[in-house]
Amino acid sequence: MIKIDHLTKRYGDTLAVDDLDFEVKPGVVTGFLGPNGSGKSTTMRIILGLDHATKGQATVNGTRYANLKDPIREVGALLDAKAVHPGRTARNHLRALAASNQIKKSRVDEVLDFVGISTVANKKVGTYSLGMSQRLGIAGALLGDPAILLFDEPVNGLDPEGIKWIREFFRALANEGRTVFVSSHLMNEMAVTADEIIVIGRGRFITSGSVNDLTKSAEGTVLARASDHEKLAAAVASNRGVVHEANDEGLTISGLTSDQVGQLAFDAGITIFELTPQRASLEEVFMDLTAGAVEYGSPKSDPAHG
Amino acid sequence: MANESTLMATAQSEWLKFRTVRSSIMGVAVTVLLTIGLGVLITTLVRTHWTQLSPLRVATFDPVSSSLRGSLFAQFAVGVIGSLFITSEYTSGSICTTLTAVPNRFRLIAGKCIVLAVSMLILGEFVCFAAFLIGQRIYLGVVPTASISNGAVLRSVILAGLYLALLALFAFALGLILRQSAAAISVFVSVLLIVPIIGLFFPQNWQNDFMRFEPSTLGVSMQSPFAPSNSFGAWSATLILLAYVTGTMAIAVVLFLRRDAGSNQ
């Protein structure tokens with residue numbers, strides 16, 4: 001269980017995290033979603049005691065991370081896969097980590113095997129690809145067999161096979177009753193990886209909920225161009241549909257499928273010229289949610305954004 | 001497991017990290033080469049030119065510190081070892097991994113200091129005793145020699161080794177403050193080489209007062225059986241250097257406790 005309690009972090013003039021307040025529960029994979037620079041990494045760094053909170057606090061199992069006796073036996077984290085001394089071998093890196101928390105040496109070989117880098121464990125980490133470094137980082141997070149795991153953008157640099165592996169791995173961890181907290185800036189990635197999602201933008205809480213809830217809000221609209229728009233709008237309204245926009249190009253309808261709209265028009269004797277389902281992708285929902293919360297957005301003059 | 005991680009666990013982990021990177025191994029090799037190698041070179045030169053030396057040089061000749069001179073070059077190697085032990089954590093970003101494993105920052109620094117102090121003291125004593133003994137062997141029969149059974153001689157050799165260990169800790173503290181290898185090493189070298197040059201521009205009477213507080217001058221005092229002119233005695237010099245190291249380390253630890261890890265802000 002991770003608890004974020006009215007957390008605020010200011011770097012000079014920049015407000016990186018702005019009054020975040022949420023909990024991450026065990027037994028599910030919780031996605032931490034936001035555009036780049038939205039404060040995800042900062043929040044994770046504060047959870048791990050690396051950065052100091054300006055206001056509020058973050059606790060794991062009711063305690064501040066800095067007060068944990070053997071922290072990596074309770075919390076495993078992968079923040080930056082490349083944050084390892086490049087001149088040290090993977091095995092020695094893990095051995096040093098194990099020694100600091102009095103974890104037995106044999107565990108090092110277990111986790112190396114598990115992430116599949118045993119054969120290169122005696123090579124210097126500086127020679128590793130990003131994917132291999134990610135696997136080493138995951139090995140480090142698992143070293144203490146912790147009940148809470150944090151991963152910051154873990155799929156970066158992984159090949160498709162690695163991404164599939166890591167999704168199943170997160171699922172397995174959660175099924176074992178562990179708390180799994182995974183950040184990403186990719187909505188579609190989170191949609192297949194996470195059960196619960198917390199969305200932030202510019203350091204501020206935007207929304208949270210199950211993946212299903214968020215997917216529902218991503219239901220598409222139907223564009224209908226017909227012989228009589230007024231009559232069609234009335235028919236839609238009386239069948240619990242909602243007309244969002246009505247102009248020469250047609251009606252933008254939500255709450256009804258294109259099949260239902262077609263049937264309504266037929267029943268009312270309206271001729272349909274065009275009937276186009278317009279499905280908003282999860283990515284678009286995410287863009288909508290975080291619009292205005294993107295730190296480095298496209299320039300205002302961008303024609304696509306008017 | 002019920003037993004919780006202790007300072008010893010931290011030190012064990014740091015020792016493993018210290019000995020598994022090439023920079024430490026190279027630094028140790030250079031320290032051995034400079035202290036013993038230059039010691040052999042200097043003592044051999046003294047021996048071959050002994051009969052040509054002026055009576056004044058002969059009268060003031062010190063077989064102890066002359067055989068230990070190489071350590072004044074090796075101080076740069078231990079400085080690099082000391083600063084890299086912490087700055088490499090910042091340049092690679094591994095300080096975050098380290099701090100997640102040992103979030104008690106005071107304990108982390110204590111563990112690192114134990115590893116650095118013990119290993120550099122053993123190294124320093126080893127190279128200084130070796131340079132001394134080899135030097136006396138080279139002097140034997142031509143140049144007057146000193147014996148380790150003399151209390152002042154033994155003290156000089158031991159303090160020469162301690163000097164190296166203290167400088168490694170000083171460089172470590174600079175590294176912890178500056179968090180960049182190049183910056184830490186530059187400042188370290190400046191303190192040892194550039195500051196004495198600035199002293200040369202002072203009036204003569206100030207110069208003597210200024211120079212005897214300089215770390216390398218303190219080092220010469222520490223490795224001399226008799227206090228050189230315008231310098232502190234060996235024990236006073238040791239205490240002053242210890243004060244420098246403790247002061248710098250205190251500033252470094254206070255900053256380390258207050259700062260965010262590795263964000264460089």
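Residue numbers start from 1 in every chain, and the chains themselves are labelled A, B, ... in the order their sequence lines are given, proteins ahead of strands.
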Nearest-0.5 Å distance that lies between atom [atom1] in [X] and atom [atom2] in [Y]:
X	Y	atom1	atom2	result
B/Ile95	A/Leu50	CD1	CG	9.0 Å
A/Leu97	B/Thr98	CG	OG1	7.5 Å
A/Met44	B/Cys96	CE	SG	13.5 Å
A/Lys69	B/Thr6	NZ	OG1	12.0 Å
B/Thr10	A/Gln102	OG1	CD	8.5 Å
B/Arg107	A/Ser100	CZ	OG	8.5 Å

query: Given a strict heavy-atom distance threshold of 4.5 Å, which part of B/Arg258 is in contact with chain A: side chain, backbone, both, or neither?
result: backbone
message: Please classify the contact of A/Asn92 with chain B as side chain, backbone, both or neither, using a heavy-atom distance under 4.5 Å.
response: both
message: At a 4.5 Å cut-off on heavy atoms, which part of A/Lys124 comes close to chain B: side chain, backbone, both, or neither?
response: side chain
query: For B/Thr20 and A/Thr89, what are the C-alpha separation, side-chain angles and deciding distance, and is it a side-chain contact (heavy atoms from CB on, under 4.5 Å)?
result: CA-CA 8 Å; B/Thr20 52; A/Thr89 66; over 6 Å; no
- prompt: Looking only at heavy atoms, what is the nearest atom pair of A/Ala83 and B/Gly93, with distance?
  reply: CB-O, 3.3 Å
Do other residues, nucleotides or ligands put more than 12 heavy atoms under 6.0 Å from the [atom1] atom of [X]?
X	atom1	result
A/Arg64	CZ	no
B/Phe129	CZ	yes
B/Tyr244	OH	yes

Side-chain touch [X]/[Y], heavy atoms, less than 4.5 angstrom:
X	Y	answer
A/Lys9	B/Asp260	yes
B/Thr97	A/His93	yes
A/Arg95	B/Gln12	no

statement: Of the listed B/Arg105, B/Met8, B/Glu89, the one with the largest count of heavy-atom pairs under 4.5 Å with chain A is B/Arg105
Keeping the roles fixed (side chain from [X], backbone from [Y]), state whether a donor-acceptor pair exists under 3.5 Å.
X	Y	value
B/Ser13	A/Ala96	yes
A/His85	B/Val21	no
B/Arg259	A/Asp51	no

A/Arg88 and B/Arg22: CA distance, side-chain angles, deciding distance, side-chain contact (heavy atoms from CB on, under 4.5 Å) verdict: CA-CA 8 Å; A/Arg88 198 174 283 123; B/Arg22 189 185 288 163; over 6 Å; no
